[in-house]
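Right, one structure below, let's go through it.
Being a predicted model, the structure only gives us computed values, none of them experimental.
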Amino acid sequence: MKPKPPALQSILLVDDDHSNNFLNKIFINQLNLDVTVDIALNGEEALAHISDKVTTPCLVILDLQMPVMDGWEFLEAFHQSVPKKIKDLITIVVISVSGEKADVSKARKNPYVKHFIQKPVSDLKFRRLIQKYF
């Protein structure tokens, strides 16, 4: 019997684009979920958020192209520094404007990435994503 996925309690949006974060938060709110939505503007902030152990996000929506620490660097640091018991609680979804086959393939081959979505994201894409994993 397949184990039941965890309840979705918190989402971390990791994107340096304030407009994307604003819109994605609206899309999530339109789904009438009882979730906390936090924002990190780069991978470094996202790792700090995950490491603070106050609220481990259930779902991380990760952009690839960001300053300071991009999505690929975040995934490597996540692999190296986050304990397995925490990693197991987090579903990572990559979002990117890039539809390049190399990026899609690299994301899908990463053991921590569950899904790849090409921007722009919509409320329908979020609904399908949440139905699939939670």
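Across all their heavy atoms, Ser10 and Pro57 have their closest contact at OG-CA, 3.0 Å. Closest approach of Pro67 and Asp16 over heavy atoms only: CD-OD2, 3.4 Å. Between Leu62 and Gly71, the shortest heavy-atom contact is CD2-O, 3.8 Å. Heavy atoms only, all atoms of each residue included: Ala46 and Ala40 are closest at N-CB, 3.5 Å. Taking all atoms of both residues into account, the shortest heavy-atom contact from Phe134 to Cys58 is CZ-O, 3.6 Å.
In this structure, the side chains of Leu13 and Val37 come closer than 4.5 Å at one or more pairs of heavy atoms. Lys25 has its side chain out of reach of Asn21: every pair of non-hydrogen atoms, C-beta onward, lies at least 4.5 Å apart. No side-chain heavy atom of Ile61 sits less than 4.5 Å from a side-chain heavy atom of Asp15. Contact check for Asn42 versus Glu45: side-chain heavy atoms found under the 4.5 Å cut-off. Looking only at side-chain heavy atoms (C-beta outward), Leu129 and Lys114 stay at 4.5 Å or farther from each other. Using a 4.5 Å heavy-atom threshold, the side chains of Ile130 and Leu8 count as touching. Using a 4.5 Å heavy-atom cutoff, the side chains of Val94 and His115 are not in contact. With a 4.5 Å cut-off on side-chain heavy atoms, Leu59 and Ile90 do not count as touching.
Tracing side-chain contacts under 4.5 Å through hydrophobic residues (I, L, V, M, F, W, Y), one never reaches Leu75 starting from Val68; they form parts of separate clusters. No chain of hydrophobic side-chain contacts below 4.5 Å, direct or via other Ile, Leu, Val, Met, Phe, Trp or Tyr residues, connects Val14 to Val97.
With sequence neighbours excluded, the residues satisfying ring-ring contact (aromatic ring centres under 6.0 Å, His included) with Phe78 are Phe74, Tyr112. Annotation: side chain to side chain donor-acceptor pair (under 3.5 Å) contacts of Lys125 (sequence neighbours excluded): none. With sequence neighbours excluded, no residue satisfies side chain to side chain donor-acceptor pair (under 3.5 Å) with Asn24. Under the ring-ring contact (aromatic ring centres under 6.0 Å, His included) criterion, Phe27 pairs with no residue at all, not counting sequence neighbours. Scanning for side chain to side chain donor-acceptor pair (under 3.5 Å) contacts around Gln80 gives Glu76, with sequence neighbours left out. The side chain to side chain donor-acceptor pair (under 3.5 Å) check on Asn110 picks up nothing, with sequence neighbours excluded.
Remark: Gln30 CD is packed, more than 12 non-hydrogen atoms of other residues, nucleotides or ligands lying under 6.0 Å away. Other residues, nucleotides and ligands contribute at most 12 non-hydrogen atoms within 6.0 Å of the CD atom of Glu44.
Summarising the geometry, atom CE belonging to Met69 is positioned 14.0 Å from atom CG belonging to Leu41; distances are rounded to the nearest 0.5 Å. To the nearest 0.5 Å, the span separating NZ on Lys84 from CG on Leu89 amounts to 10.0 Å. One finds the CD1 atom of Ile86 at 9.0 Å from the OG atom of Ser51 (value rounded to the nearest 0.5 Å). Once rounded to the nearest 0.5 Å, the distance linking CE of Met66 with CG of Asp17 reads 11.5 Å. Between Asp38 atom CG and Leu12 atom CG the span is 6.5 Å, to the nearest 0.5 Å.
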### Task
Evaluate the criterion side-chain contact (heavy atoms from CB on, under 4.5 Å) for residue pair Asp63 and Lys119; output intermediate values, then yes/no.
CA-CA 9 Å; Asp63 186 30; Lys119 288 181 181 179; 3.3 Å; yes
### Message
Set out, in order, the CA-CA distance, both residues' side-chain angles and the distance that settles side-chain contact (heavy atoms from CB on, under 4.5 Å) for Glu73 and Asp70, then state yes or no.
### Response
CA-CA 5 Å; Glu73 293 167 327; Asp70 69 21; 3.3 Å; yes
### Task
Check step by step if side-chain contact (heavy atoms from CB on, under 4.5 Å) holds for Trp72 and Leu64.
CA-CA 6 Å; Trp72 300 122; Leu64 293 178; 3.5 Å; yes
### Task
Please test Arg127 against Asp123 for salt bridge (Lys or Arg N to Asp or Glu O under 4.0 Å), starting from the C-alpha separation and ending with a verdict.
CA-CA 6 Å; Arg127 182 181 312 281; Asp123 56 340; 5.1 Å; no
